[in-house]
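These notes are about the structure you will find just below.
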Amino acid sequence: MSIYKNFYSTSALFGHPTRMAILVALSDGKALPAGEIAKMVKVSPQTTSEHLAKLMKAGFLNQQKSGKYRYYYIANPKVAEVVEGMLALSPEIEVCSMRDSLDKRALSYARTCYGHLAGNLGIQLTKAMNNLGYIKDSSFAHKKIG
């Protein structure tokens, strides 16, 4: 259906493994130069540039020039929310090395995701603040429907 054309093109951007790897690399809110992104996602600088251009054209990324470098960052918190949601829906990968194990343990313990604390530390901190009355749980799972 042509009514969903924009949805299909947007989902195609998220569906490409290299573009998703770029978005994951930038999802902690830091701005990074293209060369560093290329190393992180393990593709050539030329391939990285092509994907960065597509993500910029879609409005998913912005860039800021500093000296001879251009730093790329996620342009909209909604993009980071989609990335985080897709990561939450994805099955865990099998740990095949000590490095994978250490990375998985570190990510499970604590990480930042575009402006908020995540992982077990984020969950524990949120529960403690809720128990102390500093915040109120307003998650969908606790709301009554009807």
Side-chain angles (χ1 to χ4, degrees), residues 1-97 99-130 134-143 145:
M1 288 186 170
S2 63
I3 192 167
Y4 297 113
K5 187 172 83 172
N6 288 341
F7 172 75
Y8 296 142
S9 60
T10 299
S11 62
L13 286 166
F14 282 110
H16 192 282
T18 300
R19 286 192 290 272
M20 184 53 84
I22 290 169
L23 292 171
V24 169
L26 295 170
S27 67
D28 65 357
K30 285 190 261 180
L32 298 172
E36 191 170 334
I37 294 169
K39 288 177 190 171
M40 292 174 79
V41 302
K42 297 177 175 62
V43 296
S44 72
Q46 295 82 1
T47 299
T48 302
S49 291
E50 289 174 27
H51 289 297
L52 288 170
K54 289 178 181 181
L55 292 168
M56 292 271 301
K57 184 177 180 184
F60 290 2
L61 299 181
N62 281 334
Q63 68 177 345
Q64 181 177 1
K65 195 166 182 177
S66 178
K68 66 178 186 170
Y69 295 103
R70 290 188 183 119
Y71 288 82
Y72 295 86
Y73 59 94
I74 292 180
N76 183 328
K78 291 202 178 291
V79 173
E81 289 172 19
V82 170
V83 172
E84 188 175 347
M86 290 179 74
L87 289 170
L89 290 172
S90 302
E92 290 188 26
I93 61 165
E94 184 180 328
V95 174
C96 298
S97 68
R99 179 72 177 163
D100 287 349
S101 177
L102 294 173
D103 287 349
K104 182 177 177 180
R105 184 179 302 150
L107 283 173
S108 293
Y109 178 68
R111 63 190 179 278
T112 57
C113 292
Y114 207 80
H116 70 271
L117 184 61
N120 290 332
L121 184 61
I123 292 167
Q124 292 170 9
L125 182 61
T126 301
K127 284 181 179 178
M129 292 175 70
N130 188 43
Y134 294 138
I135 60 173
K136 182 179 176 186
D137 187 354
S138 62
S139 64
F140 180 79
H142 294 86
K143 290 183 181 178
I145 299 177

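Please read these numbers as outputs of a predicted model, since none were measured by experiment.
For A80 against I74, the heavy-atom pair with the smallest separation is N-CG2, 4.2 Å. Listed here is the closest heavy atom pair of Y71 and A31: CD2-O, 3.7 Å. For the pair A34 and L52, the tightest heavy-atom approach, listed with the atom from each and the gap, is CB-CD1, 3.7 Å.
In this structure, the separation between CD on E36 and OH on Y69 is 10.5 Å, given to the nearest 0.5 Å. To the nearest 0.5 angstrom, M56 atom CE is 4.0 Å from Q63 atom CD. In this structure, CG in L23 is found 5.0 Å from CG in L55, a value given to the nearest 0.5 Å.
Scanning for ring pair (Phe, Tyr, Trp, His ring centres under 6.0 Å) contacts around F14 gives F60, with sequence neighbours left out. Under the rule for a ring pair (Phe, Tyr, Trp, His ring centres under 6.0 Å), Y72 has no partner lying at least two apart in sequence or in another chain. Under the rule for a side chain to side chain contact (heavy atoms under 4.5 Å, CB included), the partners of K54 that lie at least two apart in sequence or sit in another chain are L13, R19. Scored by the side chain to side chain contact (heavy atoms under 4.5 Å, CB included) test, A128 finds no partners at all (sequence neighbours excluded). By the salt bridge (charged side-chain N to carboxylate O under 4.0 Å, His left out) test, K30 pairs with D28, sequence neighbours left out. Checked against side-chain hydrogen bond (donor to acceptor under 3.5 Å, both in side chains), T18 has no partners two or more places apart in sequence or in another chain.
Between M40 and L32, some side-chain heavy-atom pair lies under the 4.5 Å cut-off.
Among residues at least two apart or in separate chains, ring pair (Phe, Tyr, Trp, His ring centres under 6.0 Å) pairs with a member in residues 19-55 are H16-H51.
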Expected list for residues 42-49: side-chain donor-acceptor pairs under 3.5 angstrom, two or more places apart:
from: S44; atom 1: OG; to: Q46; atom 2: OE1; distance (Å): 3.4
from: S44; atom 1: OG; to: T47; atom 2: N; distance (Å): 3.1
from: S44; atom 1: OG; to: T47; atom 2: OG1; distance (Å): 2.9
from: T48; atom 1: OG1; to: S44; atom 2: O; distance (Å): 3.0
from: S49; atom 1: OG; to: P45; atom 2: O; distance (Å): 3.1

- Query: How far apart are the C-alpha atoms of L61 and V79, what are their side-chain angles, what is the distance that settles it, and do they pass the side-chain contact (heavy atoms from CB on, under 4.5 Å) test?
  - Reply: CA-CA 9 Å; L61 299 181; V79 173; over 6 Å; no
